[in-house]
Amino acid sequence: MPAGNRVQAHPGGYREQLRADVLAGLTARPKTLPPKYFYDARGSELFDEITRLPEYYPTRAETAILERHAGEIAKLSQCESLVELGSGTSAKTRLLLRALLDEGTLSEFVPFDVDPAVLTDATAALTAEYPGLRIAPFVGDFERDLAAIPPGGRRMIAFLGSTIGNLEPVPRAAFLSQVGAALRPGDTFLLGTDLVKDAGRLQRAYDDSSGVTAEFNRNVLRVVNTELDANFAVEEFQHVAVWDAVHEWIEMRLRPAREQLVTIGALDLTVEFAAGEELRTEISAKFRRERVEAELAAAGLQAAQFWTDPAGDFGLTLAQVSGRRPPAGV
């Protein structure tokens, strides 16, 4: 079956949202940029390289869980339409796709990503690999566009890689409530979460000895330069990764070696960076099982199964709609 037509929640929305996010982040105190803009074509390549680094365990750990439990997930979900949020190249998802196809239920895969170029490449590869499966790529922002996904059959929304850890608690609660609202009885939600562990291991995972994560971090500045006609002196920004024990998250930051005056032509904006002033580009929250289940419950979702890899580094939760919905507006 040929790939479905690409659906876009907001035509032209990527650039519009990028402009809004960069304006808000670079005029805030402290300055921030959202991590979703790491992922142009080069950023996706760099992240793929990160997943193979010896220090970066999450991808290997989550893959180990899927290798062991994908068949069980397929039997429990009986999924007909799989929606993967932040799909990128959908590398790990192939384990889930194969299990669902073997179960005989899956008819549609909806890779959902903010970057249309990455989706185009992934869709071409997936169509060649799974000629009997309808591939229906969706361009959108998972924080605001879940309700715009076209209806399918019995649905599973998959959010892998612990990307949910990039959201602070209030936006995370809002996102989970949107997931709960997008699911009907019989639908499921598959959530990957990196688990709390030794701080040294966590820091090494985000500050590797090869410097790949540093290049990945700086790539957000290259994206802003390219997309918004900015003039960041990218290589003069130092990569910083720190563990925040209070919030139980890693923060990635960029620190300029000298004072910089940056112009963003598309925004008619000039931003001053003092030497050593840090720009936060990502948080990566780490979780405990009880916290995952409590946050899902607050969004009207009930954890049905929880799996970890043999070392207990990573968690994968299968949730379903519970009888109780969160209050309106949550």
Side-chain angles (χ1 to χ4, degrees), residues 8-47 50 86 88 113-118 139-145 163 165-172 174-175 206-207 211-242 244 247 249-285:
Q8 190 157 352
H10 305 282
Y14 174 81
R15 182 67 63 84
E16 172 190 330
Q17 192 64 40
L18 174 65
R19 290 169 59 97
D21 288 341
V22 171
L23 178 61
L26 293 186
T27 55
R29 293 291 182 271
K31 298 181 178 72
T32 65
L33 285 173
K36 60 189 169 188
Y37 300 118
F38 289 138
Y39 295 97
D40 63 351
R42 177 58 178 153
S44 295
E45 289 174 1
L46 286 166
F47 185 71
I50 286 169
D113 204 277
V114 71
D115 187 345
V118 169
V139 180
D141 184 330
F142 62 74
E143 289 189 75
R144 60 179 184 144
D145 295 328
T163 305
N166 296 153
L167 302 177
E168 293 189 49
V170 171
R172 189 164 69 234
F175 162 73
Y206 291 84
D207 193 10
V212 182
T213 309
E215 280 304 296
F216 175 70
N217 195 5
R218 284 188 285 266
N219 197 64
V220 72
L221 303 182
R222 296 189 182 95
V223 169
V224 175
N225 279 354
T226 300
E227 297 290 340
L228 298 183
D229 187 28
N231 64 345
F232 279 99
V234 176
E235 299 305 323
E236 294 187 13
F237 279 79
Q238 176 190 3
H239 167 67
V240 180
V242 297
D244 183 331
H247 294 100
W249 66 43
I250 286 280
E251 283 198 14
M252 292 211 313
R253 306 169 186 167
L254 290 168
R255 180 189 296 152
R258 62 174 179 85
E259 182 179 319
Q260 284 200 33
L261 197 64
V262 179
T263 60
I264 298 97
L267 300 178
D268 193 23
L269 177 69
T270 300
V271 180
E272 184 176 349
F273 283 84
E277 178 185 358
E278 293 183 337
L279 166 69
R280 192 179 79 177
T281 54
E282 182 180 88
I283 68 161
S284 185

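What you are looking at is a predicted structure, and each value in this text was computed from that prediction instead of being measured.
Here the CD-NE2 distance, from E168 to H247, works out to 7.5 Å after rounding to the nearest 0.5 Å. Interatomic distance, CG of N217 versus CE of M252, reported as 4.0 Å (0.5 Å rounding). Rounding to the nearest 0.5 Å places CD1 of I250 at 7.0 Å from OH of Y206.
With sequence neighbours excluded, the residues that form a side chain to side chain contact (heavy atoms under 4.5 Å, CB included) with L267 are R19, V22, L23, L228, I264, L269. Every ring pair (Phe, Tyr, Trp, His ring centres under 6.0 Å) that F142 has, sequence neighbours left out, goes to F159, F175. In this view, R29 satisfies the side chain to side chain donor-acceptor pair (under 3.5 Å) rule with no residue, not counting sequence neighbours. For E215, the salt bridge (Lys or Arg N to Asp or Glu O under 4.0 Å) partners two or more places apart in sequence, or in a different chain, are R218, R222. Evaluation of the side chain to side chain contact (heavy atoms under 4.5 Å, CB included) rule for F232 yields L26, L221, V224, N225, A230, V234, F237, V262, F273 as partners, not counting sequence neighbours. Scored by the side chain to side chain donor-acceptor pair (under 3.5 Å) test, T32 finds no partners at all (sequence neighbours excluded). Under the rule for a side chain to side chain contact (heavy atoms under 4.5 Å, CB included), the partners of D207 that lie at least two apart in sequence or sit in another chain are H239, A241. For D40, the side chain to side chain donor-acceptor pair (under 3.5 Å) criterion is met by N219, not counting sequence neighbours. Legend: residues meeting side chain to side chain donor-acceptor pair (under 3.5 Å) with D21, ordered by chain and number and at least two apart, are Q17, K36, Y37. Residues satisfying the side chain to side chain contact (heavy atoms under 4.5 Å, CB included) criterion with A275, sequence neighbours excluded, are absent altogether.
The list of salt bridge (Lys or Arg N to Asp or Glu O under 4.0 Å) pairs with a residue in residues 252-262, not counting sequence neighbours, reads E236-R258, E251-R253, R253-E278, R255-E278. Pairs engaging residues 260-269 under the side chain to side chain donor-acceptor pair (under 3.5 Å) rule: N231-T263 [sequence neighbours left out].
Contact detail for L254 and P256: the closest heavy-atom pair is O-CD, 4.0 Å. Nearest approach of P169 to W249, heavy atoms of both residues: CD-CZ3, 3.9 Å.
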Q: Using the side chain to side chain contact (heavy atoms under 4.5 Å, CB included) rule, take E282 and V220 through it: C-alpha gap first, then chi angles, then the decisive distance, then the call.
A: CA-CA 10 Å; E282 182 180 88; V220 72; over 6 Å; no
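Between T281 and F38, some side-chain heavy-atom pair lies under the 4.5 Å cut-off.
Side chain of N166 to main chain of I283: a donor-acceptor pair is present (N/O by atom type, distance under 3.5 Å, no hydrogens or angles).
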